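Naming: A, B, ... by sequence-line order, numbering from 1 per chain. Just so you know, these numbers come straight off a predicted model, no measurement behind them.
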Amino acid sequence: MTITKVLSQTALKAAVNLQSAKVPTQLVKSSAALFSAYGGKQQELPSLTYDYGALEPAISAETMTIHHTKHHATYVNNLNAAIDKLDAALSSGDVSGIISLQAALKFNGGGHLNHTLFWENLTPHLTHPESPKGDLATAIDQCFGSYDGFKKQMSDKTIAIQGSGWGWLGYNKSTGRLEIATCANQDPLQATTGLVPLLGIDVWEHAYYVDYRNVRPDYVKQIWDVIDWDAVEARLNAAK
Amino acid sequence: MKIAILLSVLCPAAAWSSLSMKAGGAESNVNSRRGFFTKAAASVVAGSVGFVQASQAYNLPDLPYKYEALEPHIDTPTMKIHHDKHHATYVANLNKALEGKDQPEIVDLMENAIAAGPAVRNNGGGHYNHAFFWSELEAADKAKNTKPSKQLEELINKSFGSVDELKSQFNARAAPGALFGSGWVWVCVNKKGDELKLVGTPNQDNPLMKGAADEIMFPILGLDVWEHAYYLKYQNRRPEYVENFWNLVNWDKVSENCAYVVEKHAGVPVQG
C-alpha cells in the first residue's frame, strides 16, 4: 500500500466511524461494522436474522425476498463497484474522478446503510417487546408525550413523504433529544441531518407495493407490529 | 364566446371542458372562471334533465383503451391500479387543494405549480403527467404501425442523430442510477422550438413547471418511472420496463404533440 493510500484510508475510516468509543452490542454489530468498514473493502449483503416469511402479515415473504435479495443486493453490488472506482481515483489523485462518484456513493451507500438498519429494526411479531421499554420509553415520553403520540407523528410524517424516501426516529447528539425526520430517496440520515438513526421505515413503493399497492398508510400502520424495540433501544444507548 | 355559453347550457360539463380545450389559447380569460362556468353548466343540466354529475374542476380522464390493451408490456393489474387509484388520487387531492380558488386548465396550472406549493405541485403535476402519459400509449399491434412525422423525424435526427440513438439515450436517462427514486423522463421541444431535449424530473414535476429544469420546455413524450408504474410485473427490473415501453409508443400522437408545441410554444393540453 502506498503512503497516500494509507493516509486516505485512515482519514476516511475516522470520518465514517461512529462507534469508535463504544463496543457495539450484537444487535447493532452489522450496521456498526458498515460505518467503520471503509478501506477499499468490499461491502456484503447482510443476512436476515429471521425467515423471509417471519414478518407476515405485516410484510409478506414475497416482499421480503425481493426487497432483500434484489433491491438491497443491487445497492451492495453498485456500491462495491463505486468503491473500486473511488479507490482507483484516490490512489491516482484524480479529484474530478472522486467528485464524479459522489452521486453513486450516496445512492448506493445510502441504500446499503438504510436497508441494513431496516432489517435490524424489524423482528417477528410477539418475539420482542410490543412497545418501547426502558431508556427508550422514557425518551419517547419526554420528547413526544407518549408512545401513541410518537407513533402518530412518525406515521403522519412518513406517509406524507413525496415519492421515495424514509421516515426516521433519530437521536440528536447535541441536544440529547429524539427527533423525527424524513429523507428523500436513499439519503442517509446521519450524513444528511446529523441525527443518529434509531428506527427507519422504508416508504419506497417497493417496500409495500406487493402487499398494500398504493395504500401506504395501511403499510405504515401495520409495520408497528414488527418493530424490534430492543434494537432501537440498543442504538440509543450506543449513541449517547 | 356567446355560442360557447349557449353550448355549455346544453352540453354536459365534460363536453364543455373539451370544447374549451380545443378553442386553444384565446380562452385564457375564460379559463380562470372555468370553475364557475362548469358549475353553472352542470347545475343547469342537472336541473333540466335530472342528470347528476359532480361539478369538479378536474376529472379523471378515461383511458383511451381497455386496461388489458397494453399487455404484455404493461400488465392489466398495473393499468387498473395506476389509473383508478394513483391517478384518481392526484385528481381528488388537486380538487381539494384548489376548492374555491382559481381552477385553470390543467396544462395552464403547470407553469406556476412549484410556486403554488406542494399540494398543487404534486397533485397538479401528477394529474397532468398521467393524463399526458395515457394519451401517448397505444396497444402494441396498433403502435407498431405509427411513425414519427417528417417534422418530428427531422428534429430527432438533428438533436440525437437517429430514432435509435434517441431511444438509447432515453433508456440511459431512465436507468435507476440516472433517475434515482421516483420521477419521469421526458423528450421535450425547447422553448425556441428548434431542438429536442431529454430531461428527467423528480416526483411529479414536469418540464412545463418554472423551476423544474434550467428552462421551461414542452414535453412531447414522457415515461413514468415511479415504481408503481412497473413493480407488479417487473419488480426492480426497471431497464426491462423502459425497453418494453417503446413497443407502446404512439408515434402519431407524439408527432401531433410535436406539431402543437412547435407552433404554440406551449404545453400539450390533456383530458381532465
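Ion pairing between B:E227 and B:R238 fails under the 4.0 Å rule for side-chain N and carboxylate O.
Within the model, atoms CZ of A:F150 and CG of A:L178 stand 8.0 Å from one another, a figure rounded to the nearest 0.5 Å.
Counting heavy-atom pairs closer than 4.5 Å to chain A, the top residue among B:K85, B:H228, B:Q204 is B:H228.
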One pair to check against side chain to side chain contact (heavy atoms under 4.5 Å, CB included): A:I59 and A:Y212. What are the steps and the verdict?
CA-CA 9 Å; A:I59 305 175; A:Y212 298 95; 5.7 Å; no

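When heavy atoms are compared at a cutoff of 4.5 Å, B:F180 approaches chain A by way of both its backbone and its side chain. Neither the backbone nor the side chain of A:Y208 comes within contact range of chain B; no heavy atom of the residue lies under 4.5 Å from a heavy atom of that chain. Residue B:N203 touches chain A through its side chain alone, counting heavy-atom pairs closer than 4.5 Å.
A donor-acceptor pair under 3.5 Å links the side-chain atoms of B:Q103 to the main chain of B:L98, judged by distance alone.
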